Amino acid sequence: MPLLPILEFPDRRLRVKARPIAEVTDAIRTLANNMLETMYAAPGIGLAAIQVNQPIQLIVLDISEEKNQPMILINPKLAPVGDERSCYDEGCLSVPGFYETVERPAKVQVEALNEHAEPVGFVAEGLLATCIQHECDHLNGKLFVDYLTTLKRERIRKKLEKQHRES
Ligand code: GNR
Ligand code: NI
């Protein structure tokens, strides 16, 4: 299966708000599977469709050690559960090479459709909660660097722009 090119910060196309998916078609399932291949190859634990220039509400993830628990979530909705927050060192395939600590709600209720257009709902915690929130931010045009200071974000932007010029 083809690997998909991943857009990189500060590409403006990462700032678009993804639209809901009206119908879960074979084309959506094919895209989701290509995204999973691309995510595993990177390697990464999550990928949002907007990162491969498809501004639709589709995310894939797999936080398992063995990389054998792929999840496909369509039109995901999140709500924090409780007041507990947790910190993770986050990275992003669209911000390659940079890792910074981000604080988020520790638990979230997730409501979405799966690849068969069936409703799924569960409470996510730990790394899964962080990853799902990171992916849903992408669907709103938001990146983990937006949680950093302007100084840190600008440093990252300049370094990536330099890399992009040199390659
Ligand atoms: O591969 C990824 N690792 C990661 C680590 C901590 C918090 C979030 C992530 S998601 C990231 C892949 C990615 O960019 N998804 O959008
Ligand atoms: Ni990301």
Side-chain angles (χ1 to χ4, degrees), residues 1-21 28 31-78 80-81 84-110 112 114-115 122-149 152-153 155-157 159-161 163-164:
M1 275 207 273
L3 298 187
L4 305 167
I6 297 176
L7 300 179
E8 294 186 2
F9 178 67
D11 195 310
R12 296 304 303 175
R13 290 171 290 182
L14 289 166
R15 297 314 197 167
V16 169
K17 213 173 138 65
R19 64 174 185 278
I21 292 174
I28 297 291
L31 173 62
N33 284 321
N34 288 343
M35 285 170 57
L36 280 166
E37 290 294 322
T38 302
M39 178 192 81
Y40 287 129
I45 59 171
L47 190 67
I50 196 166
Q51 292 178 274
V52 295
N53 202 22
Q54 300 285 336
I56 57 175
Q57 291 182 21
L58 167 65
I59 67 176
V60 299
L61 49 158
D62 188 342
I63 61 153
S64 70
E65 206 72 48
E66 302 79 19
K67 298 291 157 207
N68 59 359
Q69 287 171 54
M71 285 180 67
I72 297 170
L73 297 176
I74 293 164
N75 302 341
K77 295 243 186 316
L78 300 187
V81 176
E84 195 191 338
R85 298 177 66 84
S86 68
C87 290
Y88 266 96
D89 245 8
E90 295 199 18
C92 180
L93 297 175
S94 296
V95 192
F98 297 89
Y99 300 86
E100 294 287 346
T101 304
V102 176
E103 187 189 304
R104 300 178 183 272
K107 287 187 194 181
V108 288
Q109 174 75 40
V110 183
N114 67 15
E115 66 273 30
F122 56 93
V123 174
E125 52 184 272
L127 180 59
L128 183 61
T130 290
C131 187
I132 287 183
Q133 289 176 82
H134 175 116
E135 302 314 331
C136 288
D137 273 353
H138 276 302
L139 300 184
N140 289 313
K142 188 161 180 156
L143 299 170
F144 86 92
V145 295
D146 299 342
Y147 295 98
L148 310 179
T149 62
K152 277 191 178 174
R153 183 168 53 257
R155 277 190 189 141
I156 292 171
R157 179 177 64 77
K159 284 182 189 165
L160 282 175
E161 280 179 336
Q163 281 181 30
H164 297 157

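Please read all numbers here as calculations on a predicted model, not as lab measurements. Just so you know, residue 1 is the first one in the sequence shown, and it goes up from there. Order of appearance sets the numbers: ligands from 1, and atoms from 1 within every ligand.
- The Ni ion (ligand 2) lies at the vertex of an angle of 110° between the NE2 atom of His134 and the SG atom of Cys92 (rounded to 10°).
- Under a 4.0 Å criterion applied to the non-hydrogen atoms of His138, ligand 1 contributes the atoms 16 (O).
- Residue-level proximity to ligand 1 for Gln51 is carried by the side chain, the only part with a heavy atom below 4.0 angstrom.
- Considering backbone and side-chain N/O atoms, His134 comes within less than 3.5 Å of an N/O atom of ligand 1.
- Near Cys92, with a cut-off below 4.0 Å to any heavy atom, the atoms of ligand 1 are 14 (O).
- Minimum interatomic distance between Met71 and Leu128 (heavy atoms only, all atoms of both residues): SD-CD1, 4.3 Å.
- Looking only at heavy atoms of the protein, atom 11 (C) of ligand 1 is closest to Gly91 O, 3.6 Å.
- Contact annotation: the side chain of Phe9 approaches that of Arg153 to within less than 4.5 Å [non-hydrogen atoms, C-beta and beyond].
- By the 6.0 Å and 45° rule, Lys152 does not stack over the aromatic ring of Tyr147.
- For atom 14 (O) of ligand 1, the choice among Ile132, Leu47, Leu127, Leu93 with the nearest heavy atom turns out to be Leu93.
- For Glu90, heavy-atom contacts with ligand 1 shorter than 4.0 Å involve the backbone as well as the side chain.
- Looking at Gly46 next to ligand 1, an N or O pair under 3.5 Å apart turns up.
- Between the SG atom in Cys131 and the CG atom in Leu47 there is a gap of 10.0 Å [rounded to 0.5 Å].
- Close contacts of ligand 1 with Gly44, meaning ligand atoms under 4.0 Å from a residue heavy atom, involve 1 (O).
- A side-chain donor-acceptor contact under 3.5 Å links Asp146 to the backbone of Leu143.
- Counting atoms of ligand 1 from 1 in the listed order, those under 4.0 Å from a heavy atom of Asp89 are 6 (C).
- In plain terms, the two heavy atoms of Ile74 and Asn114 that are nearest each other are CD1-O, 3.6 Å.
- Closest non-hydrogen pair, Gln57 versus Pro76, comes out as O-CD, 4.0 Å.
- Taking CG of Leu127 as the reference point, atom CD1 of Ile132 lies at 10.0 Å (rounded to 0.5 Å).
- Pairing each heavy atom of Ala106 with each of Ala129, the nearest pair is O-CB, 3.4 Å.
- Considering backbone and side-chain atoms together, Ile45 places an N or O closer than 3.5 Å to an N or O of ligand 1.
- Counting protein heavy atoms only, atom 10 (S) of ligand 1 is closest to Glu135 OE2, 3.6 Å.
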